[in-house]
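Owing to the predicted nature of the structure, the values given are computational and were not obtained by experimental measurement.
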Amino acid sequence: MGKGRSAVTICFTNNKGGSGKSTSCANLGYELAAEGKRVLLIDGDMQLNLSLSFFDEERVLEMAAGEKNLYHGIRNKKDLQEYIAATPYENLDLIPSSLLMSQIEYELFMMMQREFVLKKCLEGLKEKGGYDYILIDAPPTLGTWVINILCASDYVIVPVEASPWGLFGLANMFDFLGGLQDMTQAQVLGVLITKVDERKNYYRQTREILGGYQEIRVFDSFIHVDASIEWAQDASKPVAVYKRSARSAAEFKEAAKEVISTVQKERRE
């Protein structure tokens with residue numbers, strides 16, 4: 001890939017846990033790479049779930065305990081290029097997280113221009129033009145670290161669980177995003193509905209409620225509840241690698257294609 005290609009940076013965020021945020025980030029990242037895109041994943045959550053999607057627990061804890069992880073890159077305000085780990089999959093790299101990310105709010109509080117530290121740490125990496133997409137898994141909070149992630153992003157994908165409490169707090173999150181318009185150019189690329197069980201009525205209700213948010217796009221693609229996802233997570237593999245015939249594998253592939261087409265459309269307008 002030639003120098004000068006501008007990576008599209010997408011943040012996956014929802015202030016409610018259990019929305020399928022890390023799962024969506026991991027599997028969409030894999031499917032974008034399978035489409036021939038060069039993808040960098042950044043694990044921004046101390047829970048390490050994105051890292052565990054590609055490496056076994058022993059390896060993830062080793063990376064988390066070392067100094068080649070996101071926490072040390074941010075703490076030292078370093079070019080994040082040197083913190084990249086290659087995954088077992090072509091076109092797909094990862095910057096792992098650390099349990100020390102629990103301290104990142106304090107670390108940022110002590111820094112000048114604290115909201116833009118991640119953006120600056122990514123500048124050198126993006127200038128090298130090595131990636132088409134950078135996907136960042138944000139923690140389920142609305143603090144300074146998430147503001148950092150949003151300020152470093154071009155777009156936001158909001159995974160939402162199709163359940164009675166799946167939309168809980170979503171209005172607060174959209175208000176939070178709206179309040180950052182002077183700091184970040186990040187736009188909501190779309191809401192991705194996850195954990196859909198068509199035996200229940202929650203999917204239709206979720207779409208109807210989301211339809212009430214003006215100018216918030218809901219992806220046509222959605223992700224069903226699928227036991228293969230949990231088994232794939234247990235095996236530290238993308239679902240398409242664990243079981244290519246899984247329904248969710250096909251759904252993540254379609255969602256990745258929709259992300260590509262939506263980004264292309266947004267950039268033309």
| query | Can you find a side-chain donor-acceptor pair between S19 and E161 that sits under 3.5 Å? | reply | no

| message | Please check: side-chain N/O of N69 versus main-chain N/O of M63, any donor-acceptor pairing under 3.5 Å? | response | yes

| query | Under the 3.5 angstrom rule, does the side chain of D93 hit a backbone N or O of I84 as a donor-acceptor pair? | reply | no

| said: Do I134 and I10 make a side-chain contact, defined as non-hydrogen atoms from C-beta onward lying under 4.5 Å apart? | reply: no

| field | Test: K68 cationic atom under 6.0 Å from Y83 six-membered ring centre, within 45° of axis | value | yes

| said: I'd like to check L32 versus L92 (side-chain heavy atoms, cut-off strictly below 4.5 Å). Are they in contact? | reply: no

| field | L108 vs I74, side-chain contact (heavy atoms from CB on, under 4.5 Å): CA-CA, chis, key distance, verdict | value | CA-CA 8 Å; L108 290 167; I74 297 300; 4.1 Å; yes

| query | Under the ring-ring contact (aromatic ring centres under 6.0 Å, His included) test, which residues partner Y155, sequence neighbours left out? | reply | none

| field | From N14 atom CG to L142 atom CG, the distance as rounded to the nearest 0.5 Å | value | 9.0 Å

| note | For S22 and L50, the nearest pair of non-hydrogen atoms, with its separation, is O-CD1, 4.0 Å

| task | Applying salt bridge (Lys or Arg N to Asp or Glu O under 4.0 Å), run through K265 and E258 and close with a yes or a no. | result | CA-CA 10 Å; K265 180 180 177 182; E258 191 171 356; over 6 Å; no

| Rounded to the nearest 0.5 Å, what separation is found between the CZ atom of F109 and the CZ atom of R114? | 5.5 Å

| request: For a side chain to side chain donor-acceptor pair (under 3.5 Å) with K21, tell me which candidate from N49, T13, D137 qualifies. | output: D137

| message | Side chains of T144 and E115: any donor to acceptor distance under 3.5 Å? | response | no

| task | Evaluate the ring planes of Y213 and F174, with Trp represented by its six-membered ring, and classify them as parallel (under 30°), tilted (30 to 60°) or perpendicular (over 60°). | result | perpendicular

| message | Between D234 and Y242, do the side chains contain a donor N or O and an acceptor N or O under 3.5 Å apart? | response | no

| message | To the closest 0.5 Å, what do you measure between CE (M110) and CZ (R75)? | response | 10.5 Å

| said: I need the E251 CD to S24 OG distance, nearest 0.5 Å. | reply: 11.0 Å

| request: Please check if the side chain of D56 supplies one atom and the backbone of R59 the other of a donor-acceptor pair under 3.5 Å. | output: yes

| said: Is it true that S51 and D43 share a donor-acceptor pair across their side chains at a distance under 3.5 Å? | reply: yes

| Looking only at side chains, do K126 and T9 share a donor and an acceptor under 3.5 Å apart? | yes

| query | Does N76 reach the main-chain N or O of K78 with its side chain, forming a donor-acceptor pair under 3.5 Å? | reply | no

| query | Within the side chain of S236, is there an N or O that forms a donor-acceptor pair under 3.5 Å with the backbone of S53? | reply | no

